[in-house]
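Read the structure below first, then the notes.
Hydrogens, waters and symmetry mates play no part in the numbers below; they use all other heavy atoms, side chains included. Letters A, B, ... are given to chains in the order of the sequence lines, protein chains preceding strands, and every chain is numbered from 1.
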Amino acid sequence: MGKYFSQYCSFVITKHWQLANLPQTFQIIDSDDQLSVLKQVIKSLELDDKVLTPRQAQHFINTRKDHGLRAKDLVAEEGDAWHNRMLHIYTAYEARCQQTGSVDFAELLLRCYELWRDNPSLLAYYQQRFQYILVDEFQDTNPLQYNWLQLLAGQSGQLFVVGDDDQSIYGFRNASAANLANFNQEFPQVQLIRLEQNYRSTGTILEVANTLIARNDQRLGKNLWTQASAGEPIFLYTAYSEMDEARFVAEKVQAYSGQRQEMAILYRTTAQSRLFEEELLQRSIPYRIYGSLRFYERLEIKDMLAYLRLLHHRDDDGAFERIVNTPKRGIGEKTLETLRSIARQQEISLWQAAQHAIETQQLKARASSTLTVFLDLIQQFDEQIKALSLHEKIKHLKTYTGLVAHYQKESKEEAQRRLENLDELINAARQFEQRRSNLPAATTEEANPPIVDILTEFLAHTALEAGEGQGNEWEDCVQLMTLHAAKGLEFEMVFLVGLEENLFPHQNSLDESKLEEERRLCYVGITRARRYLYLCHSETRYRYGNREFGTPSRFIREMPTELIQAVRLSNSIVSPLKSWMALAKGKLHRGERVKHKQFGEGVVLNYEGQGDYARVQIKFASGNKWLMMAYAQLEKLY
Amino acid sequence: MNVSHLLDTLNQAQREAVTAPPGHVLVLAGAGTGKTKVLTHRIAWLLATEQARAHNILAVTFTNKAAREMRTRLETLLNNSSQNLWANTFHSIAHLLLRNIGN
């Protein structure tokens, strides 16, 4: 103890924060605080925060810090104005934080690293103290964390690191998959021990995972095995459409006799959740989205729907409030407060209040003109989209509202996620139109209420979908999540969906280095499953409002085919067809032959929807046709 | 000291990792192979065999959840003799150090 004590004494008076050039009262700022500081900094530099957004600056700065780089370590690059301005912002941001004693997350570690690096005696003290350093999830370390550990370990410290290079999936957060291999090479005499006995999954699941990941070149290599039995085969379902895929999964979920929370639906992009949500809602199966919001509750979806709502009904105050300044058009809180007060006094809507305020000149000239621009914009949209179909309306708004540029001010990943969700909303509208066009026209004898316009119906649909469904805390829910969110979790049954080229692997990750990370993502997905693994892909899928043909993911081809069992179409229970089946007095299977009065004989290809919406696709000699089941009066042929 | 309770439930590779001789160790741990178990048992082993004191150990995780789980497991294994032991995230550790806490 003695030797530690003397060391200890010399440092207890040395205040680390002082050595690190921080005030004693330094404050940690979180990501949101960091953004608002950056916003001020950008403003004070008189730069346009619409071109150089706080989000982009945050990403630029944090990435540099994660690599241990300060602004002074970076050089201006000739001809790269963007880089140079970011560098400028970085410098000013550092000064600002120093002045206010603010420390962001990345800064904490960088400061600590520099404190040790620049104070050898202090470092020596901690090196002596922390002789045994253990690190979890080492594959997720970024370069700064790696260097920090290297510095602390010094000559005498002993590092015990645990990790899995095959599960390194956070490249976009500056994690370096190579750190495990680097550790093995750069540290002296590393004892490499492989833990390969798996206590989670069946032999078959492990073999599929092993075979797939063996395709990656950049790995230390290992092979999982188990004492458990081979278990069930891996099931592969080839869907006709993404609706069919969602329906298949929902049917399996419904049929499962165990706990629902033991089932997970894993997808590559958040936008894919929508169809599964819809299918589960229709069946009243409680679900929970892990690590994200439900589709119709996501910010970008609510923004877009607010435009539709306001266009549909000018007196929708909620919609007005949401988009009057989204994207930013310089309509401030003060203006809004004036409008609210007019609306209250005269018992009119905000839209009317805005018109009133402009007419009666109750606003300052600038506020009045920005507000006029907004009102005109909405009126213009109204003219422009009047004749368009529902999904074209949304497409048009997506292009002209400025929402896309608005989201692109965020980090690249975030922006992409939002745009994918908007595209999925276009698909949702497209499908909604199709379903509706297959409804029979109301006949005069029927006491059907007059059919409201499709926009009203669609908005009601989205509101209802948003209003319920996500299970309560105590409810037994099936779990939906992205593959990234699934890391570290395990389930009895896993559905890996959307296994198609350009979706998974993602279209932005098709070059070699990123492809390996996609494959690791697939590996992570597979190894979440204990007993049952379903792989699903669809032959067609709506993308940007068009039906496109998809190629099965290369990852399916890279798995051992003998372990994969295709789910036979005739085995699937066609529950949405119940009403029609009753008419047909027999079960309907895909591939079965039917006869239609007008079109003649045909083969059942597909079906979708339920109840009154249920319809069936049939291949007739004259071509493929979608027919309403309730009215098609098909005759079954044997 | 009897350390069998730390080793009895381990398979051979896990035991090899937990009882590895002094030096740097890289445990390549596949999914579902018991990595958290190996980490916590390694710490318990170092303490039980008196190679290290809790004060000399630094355990680093990425999430608060993982840090909590590690501490909980350690408490069970060690009957609360892990009080001086630092098991935390990179951020928290850097923060404690800058504030000069824990000395």
Side-chain angles (χ1 to χ4, degrees), chain A residues 8 11-12 15-17 20 22 26 28 103 105 108-109 111-112 115 126 129-138 140 145 148-149 152-153 158-167 180 183-184 187-201 209 220 222 224 490 524 527-528, chain B residues 10-18 20-40 42-43 46-47 51-63 65-67 69-70 85-87 89-103:
Chain A
Y8 176 78
F11 287 106
V12 78
K15 298 182 174 65
H16 293 14
W17 63 85
L22 287 170
F26 78 85
I28 301 175
V103 176
F105 286 145
L108 275 172
L109 206 66
R111 240 352 127 118
C112 192
L115 172 70
Y126 280 110
R129 172 170 172 183
F130 293 126
Q131 291 271 313
Y132 300 90
I133 307 159
L134 300 96
V135 190
D136 192 13
E137 306 276 11
F138 195 79
D140 292 340
Q145 287 160 338
W148 186 87
L149 289 166
L152 179 60
Q158 298 180 24
L159 268 164
F160 185 94
V161 311
V162 180
D164 183 359
D165 51 349
D166 293 334
Q167 291 189 73
L180 270 175
F183 178 81
N184 200 28
F187 283 79
Q189 291 168 337
V190 173
Q191 304 165 66
L192 176 61
I193 297 164
R194 287 180 167 82
L195 300 186
E196 296 175 300
Q197 183 175 4
N198 173 289
Y199 295 94
R200 179 187 296 162
S201 310
L220 291 166
K222 65 176 161 358
L224 295 175
E490 56 179 273
V524 165
T527 53
R528 297 311 93 197
Chain B
L10 304 178
N11 67 36
Q12 202 194 320
Q14 289 171 337
R15 197 171 303 161
E16 207 184 315
V18 167
H24 299 305
V25 181
L26 169 54
V27 181
L28 205 54
T33 57
K35 77 178 168 68
T36 311
K37 189 174 187 180
V38 164
L39 263 174
T40 48
R42 171 69 176 181
I43 293 172
L46 289 172
L47 294 171
Q51 296 179 63
R53 293 173 309 140
H55 182 73
N56 300 127
I57 294 174
L58 180 70
V60 193
T61 66
F62 271 83
T63 63
K65 193 179 154 212
E69 189 184 342
M70 192 185 285
L85 195 147
W86 279 28
T89 63
F90 276 106
H91 289 151
S92 305
I93 289 166
H95 177 234
L96 291 174
L97 289 168
L98 290 174
R99 288 252 192 249
N100 218 13
I101 299 169
N103 280 319

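Between Leu39(B) and Phe160(A) the shortest side-chain heavy-atom distance falls below 4.5 Å. Using a 4.5 Å heavy-atom threshold, the side chains of Tyr132(A) and Arg42(B) count as separate. Proximity of Ile57(B) to Leu47(B): side-chain heavy atoms (C-beta onward) are separated by under 4.5 Å at one or more points.
For the set Ala31(B), Ala94(B), Ala87(B), the entry with the most heavy-atom pairs within less than 4.5 Å of chain A is Ala31(B). Most heavy-atom pairs under 4.5 Å with chain A: of the set Gly23(B), Ala52(B), Ala59(B), this distinction falls to Gly23(B). Contact count against chain B (heavy-atom pairs under 4.5 Å) is highest for Ile28(A) among Thr527(A), Asp166(A), Ile28(A), Leu22(A). Counting heavy-atom pairs closer than 4.5 Å to chain B, the top residue among Val135(A), Asp140(A), Ile133(A), Leu109(A) is Asp140(A).
Using a 4.5 Å cut-off between heavy atoms, Leu149(A) touches chain B through its side chain atoms alone. At a 4.5 Å heavy-atom cutoff, the contact between Phe90(B) and chain A is made by backbone and side-chain atoms alike. Of the atoms belonging to Phe183(A), it is side-chain heavy atoms, and not backbone ones, that fall under 4.5 Å from chain B. Gln12(B) does not touch chain A: none of its heavy atoms, backbone or side chain, sits under 4.5 Å away. Contact annotation for Glu137(A): both backbone and side-chain heavy atoms come within less than 4.5 Å of a heavy atom of chain B. Residue contact with chain B, scored on non-hydrogen atoms closer than 4.5 Å, involves the backbone of Glu196(A) exclusively. At a 4.5 Å heavy-atom cutoff, the contact between Ala66(B) and chain A is made by side-chain atoms alone. Contact of Leu46(B) with chain A is made through the side chain alone, with heavy-atom distances under 4.5 Å. For Leu224(A), the part sitting under 4.5 Å from any heavy atom of chain B is the side chain, from C-beta outward, and nothing else.
The aromatic rings of Tyr126(A) and Phe130(A) sit parallel to each other, their planes meeting at less than 30°, with 60° as the upper class boundary.
For the pairing with Leu152(A), the side-chain contact (heavy atoms from CB on, under 4.5 Å) check across Val60(B), Leu58(B), Ile93(B), Leu97(B) returns one residue only, Leu58(B).
Glu69(B) CD to Thr40(B) OG1: the interatomic distance, rounded to the nearest 0.5 Å, is 8.5 Å.
A distance-only check finds a donor-acceptor pair linking the side chain of Arg99(B) to the backbone of Phe26(A) [under 3.5 Å].
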Could you walk me through whether Arg194(A) and Thr33(B) pass side chain to side chain contact (heavy atoms under 4.5 Å, CB included), step by step?
CA-CA 10 Å; Arg194(A) 287 180 167 82; Thr33(B) 57; over 6 Å; no
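Nearest heavy-atom pair, Asn184(A) versus Leu192(A), reported as atom, atom and distance to 0.1 Å: ND2-CD2, 4.2 Å.
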